[in-house]
There are 2 protein chains.
Amino acid sequence: MNEELNERCRLILEAIIEDYILSGEPVGSRALTRRHNIALSPATVRNVMADLEEMGFLTSPHTSAGRVPTEKGYRFYLDTLLQIKQLSLGKRQSIREHYKHRGLRMEELLREAGRILSATSSYTGVVMVPHLTTTICRRIDFVRLSARRILVVFVSQSGIVEHKLIESDLPLTESELQEATNYLSQTFSGLSIQEIKQYIVAQMAEEKAMYDSLLRRTLQLSSMALEEELGGQVFIEGACNILDQPEFNDLNRMKRLMRTFDQKNLLVELLHKSQLTEGVQIYIGSPDHYSDIEGCSLVAASFTSRWGATGTLGIIGPTRMPYSTIIPLVDFTAGLVGSILDIDEE
Amino acid sequence: MNEELNERCRLILEAIIEDYILSGEPVGSRALTRRHNIALSPATVRNVMADLEEMGFLTSPHTSAGRVPTEKGYRFYLDTLLQIKQLSLGKRQSIREHYKHRGLRMEELLREAGRILSATSSYTGVVMVPHLTTTICRRIDFVRLSARRILVVFVSQSGIVEHKLIESDLPLTESELQEATNYLSQTFSGLSIQEIKQYIVAQMAEEKAMYDSLLRRTLQLSSMALEEELGGQVFIEGACNILDQPEFNDLNRMKRLMRTFDQKNLLVELLHKSQLTEGVQIYIGSPDHYSDIEGCSLVAASFTSRWGATGTLGIIGPTRMPYSTIIPLVDFTAGLVGSILDIDEE
DNA sequence: GTTAGCACTCTTGCTGATTGAGTGCTAACG
DNA sequence: CGTTAGCACTCAATCAGCAAGAGTGCTAAC
């Protein structure tokens, strides 16, 4: 059915979507024929439009307005019509420039990436910091705050620092803890968290017989330390940028979006999802799918460093974004951030 | 002049402000006499209102609307009329409850504090994490990421973890760095950052003659590590809460506020300022003073732990807030957070 | 299959009338 | 002399009515 779209239909659909992306207003048959020099009369275009509406690619907000692309329309556009431009050399260079003398700290780097995405797109940038599961450990440190409270500081190969407080009822003196720390840093350095966990399980099985040896308590402690996932934070930069879009003259929609930004769970979910797939992913908010970001889309791509740190970044903008420039922007930035992480890790 | 306000004027001003806080709409003479049982006719009230307007406590949005308090009006209200309620025992208990089994990590604790402030007030909570200048050092750690990049991890007495990447051109081998770390942790533990800085300066003067000793390089490194201020981050929680207030039906004002939240500098400034003073501070946004938060106020108080960690927290809401409950809420929370930090530090 | 023409629909912007809340002023009252 | 009642006036907000404009669907002709 969809595949039956002939050349003319596709041309017109593309024209409509591109007009809509530019103007944000429903596009009518007359205006369309004038702007793109289409060798067809408005009446013919109307017929085509009616077909496209029936097939679900377009809707009209009301009887006598023009047509607006539906989610399906966008999808089709993205999948088969859109020609992705290359990011111009100048633009790449200027983006690269931004990363030059800053973002020394991992966290700062990622925040900055979000800010740059936001600024260059004039939409909202989002960045999810790498989950540490697959990350290589460089050092693990235990700091005794009080008898029962121990602070664990974890440093990854790439300089990501995460910390966590655990309450333990295993008595460990200051010097025992010091010894434990040394042992663990030696043993774990160079392993990924996953591997460390496996190691702990294996060792603890072996040590089961031994009664409360220091090693045993040490292992138990590290098990607690790595119990829950570390990382997975999300930064949202330039949230207010998106509010300048005309579609957010609607107060309620605006509030809903802000609430979504505040809560972050949907974003985390989407960013996670896109981490599982290669390349640039696009999520279109619609009443059916991601109703919290109705009217908006997320263009996301994940970045990976050679050492296994994997995060995701992207841009949230109105669904009628100029994807042809936004997609390469996100793609390029993801690659850039990944490679900067690599440099940091050298 | 101001002090000439007689009993009746003050009564009426208070009534107007309280009405306005409740309704958010300009209050007229008739409505006022009815709601509060004032033994005066509307006409008399009108005369008083005219006086108050002339003195700058009230304005009217337009000729035939009621009166609205000015910044000066609020100030007077806050300074001399407002009776601050005690936070009810039940409420205190329920807030305390929230902090029970969570917020193990300093950062989480403060985020949570912001969230609770936001939730109980239904406005926006802000928290500035303690600046580390006056904080006592528990451990300082150097991790070598690459030849020239060294990660500094700083742990305070209270378990605050801060880290920073420095680029150094001092060659230090892995083992030298280890040695340095041990030395510094021993030496610095228990000192405040300020004291550490002084110590470094003193030592370096003494060591000047020595040519490139390990000690010298170590000190230089720590000097770089502590060069810039650590900390001072601001969390904003429940930003969207405030949007439900009727005054934010104005799109532009809304956008401006969101932009202010996004940028944070104004907030940092205000929170800093209020850190210098004891007790609850109130900043009223007006075209003159803090125009970025026009229509809003910040009620802030700083919290201190015995170990010197000092941060600030507060609530941002519309200027017409029920201060009588918000002020004790902020006050109580600041005290509570301070004492929780103390517990963590034991 | 394509197009011109036409009737129809629906939004948008404008106008003017109406309503209601509130003010300021003046004159009367105790 | 302070207080009050009365009255004219001002504005904002709301609503109906109207015209313009953009766009559609349908039909009949090309």
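First the proteins, then the strands, lettered A, B, ... as listed; each starts at 1.
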**Q** Nearest whole angstrom, please: distance from the P of C:dG22 to the CD of B:Glu53.
**A** 15 Å
**Q** Please state how far atom CD in A:Glu7 lies from atom C1' in C:dG1, giving the value in whole angstrom units.
**A** 18 Å
**Q** What is the pairing partner of D:dT4, taking Watson-Crick or G-U wobble pairs with both distances under 3.5 Å in any strand?
**A** C:dA27
**Q** Could one point to a donor on the side chain of B:Ser41 or the base of D:dT4 with an acceptor on the other under 3.5 Å away?
**A** no
**Q** D:dA22 pairs with which nucleotide, Watson-Crick or G-U wobble, both distances below 3.5 Å?
**A** C:dT9
**Q** Is the backbone N or O of A:Ile84 less than 3.5 Å from a side-chain atom of A:Ser324, with the two atoms forming a donor-acceptor pair by type?
**A** no
**Q** Please state how far atom CD in B:Glu25 lies from atom P in C:dG22, giving the value in whole angstrom units.
**A** 10 Å
**Q** Look at the side chain of B:Ser64 and decide which nucleotide, out of C:dG24, C:dT9, D:dC11, has an atom nearest to it.
**A** D:dC11
**Q** Can you check the B:Met49 CE to C:dT23 C1' distance for me, whole Å?
**A** 10 Å
**Q** Specify the separation, in whole Å, of atom CG of A:Asp19 and atom P of D:dA22.
**A** 15 Å
**Q** Atom CD1 of A:Ile38 to atom P of C:dT2: distance rounded to whole Å?
**A** 13 Å
**Q** Classify the ring geometry between B:Tyr74 and B:Tyr20 as parallel (under 30°), tilted (30 to 60°) or perpendicular (over 60°).
**A** tilted
**Q** What contact category does B:Thr44 fall into here, base, sugar-phosphate, or nothing, at under 4.0 angstrom with non-hydrogen atoms?
**A** base
**Q** Using heavy-atom distances to pick each residue's nearest nucleotide on DNA chain C, tell me which of B:Asn47 and B:Gly66 is more 5'.
**A** B:Gly66
**Q** Surrounding NZ of A:Lys91 (heavy atoms of other residues, nucleotides or ligands, distance under 6.0 Å), is the total greater than 12?
**A** no
**Q** Rounded off to whole Å, could you give me the CG-to-C1' distance for the B:Leu58 and C:dT23 pair?
**A** 14 Å
**Q** Under 4.0 Å between a side-chain N/O of B:Arg8 and OP1 or OP2 of D:dT3, yes or no?
**A** yes
**Q** Counting only heavy atoms not in B:Arg30, do more than 12 fall under 6.0 Å of its CZ?
**A** no
**Q** From the list C:dC10, D:dT24, C:dT23, which nucleotide is the closest neighbour of the side chain of B:Arg67?
**A** C:dT23
**Q** Please identify which of these residues, A:Glu247, A:Glu25, A:Glu71, meets the salt bridge (Lys or Arg N to Asp or Glu O under 4.0 Å) condition with A:Arg320.
**A** A:Glu247
**Q** Using only modelled atom types and a 3.5 angstrom limit, is any donor from either the side chain of B:Thr63 or the base of D:dT10 paired with an acceptor on the other?
**A** no
**Q** When you compare the side chains of A:Tyr290 and A:Glu269, does any donor N or O come within less than 3.5 Å of an acceptor on the partner?
**A** no
**Q** Expressed as a whole number of angstroms, how long is the span from B:Arg46:CZ to D:dC7:C1'?
**A** 11 Å
**Q** With no angle test and no hydrogens, is the base of D:dG23 tied to the side chain of A:Arg30 by a donor-acceptor pair under 3.5 Å?
**A** no
**Q** Between A:Gly28 and B:Leu40, which is nearer to the 5' end of DNA chain D once each is assigned its nearest nucleotide?
**A** B:Leu40
**Q** Choosing from C:dG22, C:dA4, D:dG23, which nucleotide comes nearest the side chain of B:Ala31?
**A** C:dG22
**Q** Does B:Pro61 or B:Ala39 map to a spot on DNA chain D nearer the 5' end, using the closest nucleotide for each?
**A** B:Ala39
**Q** Describe the nucleic acid contact of A:Ser60 in one word from base, sugar-phosphate, nothing, applying a heavy-atom distance below 4.0 Å.
**A** nothing
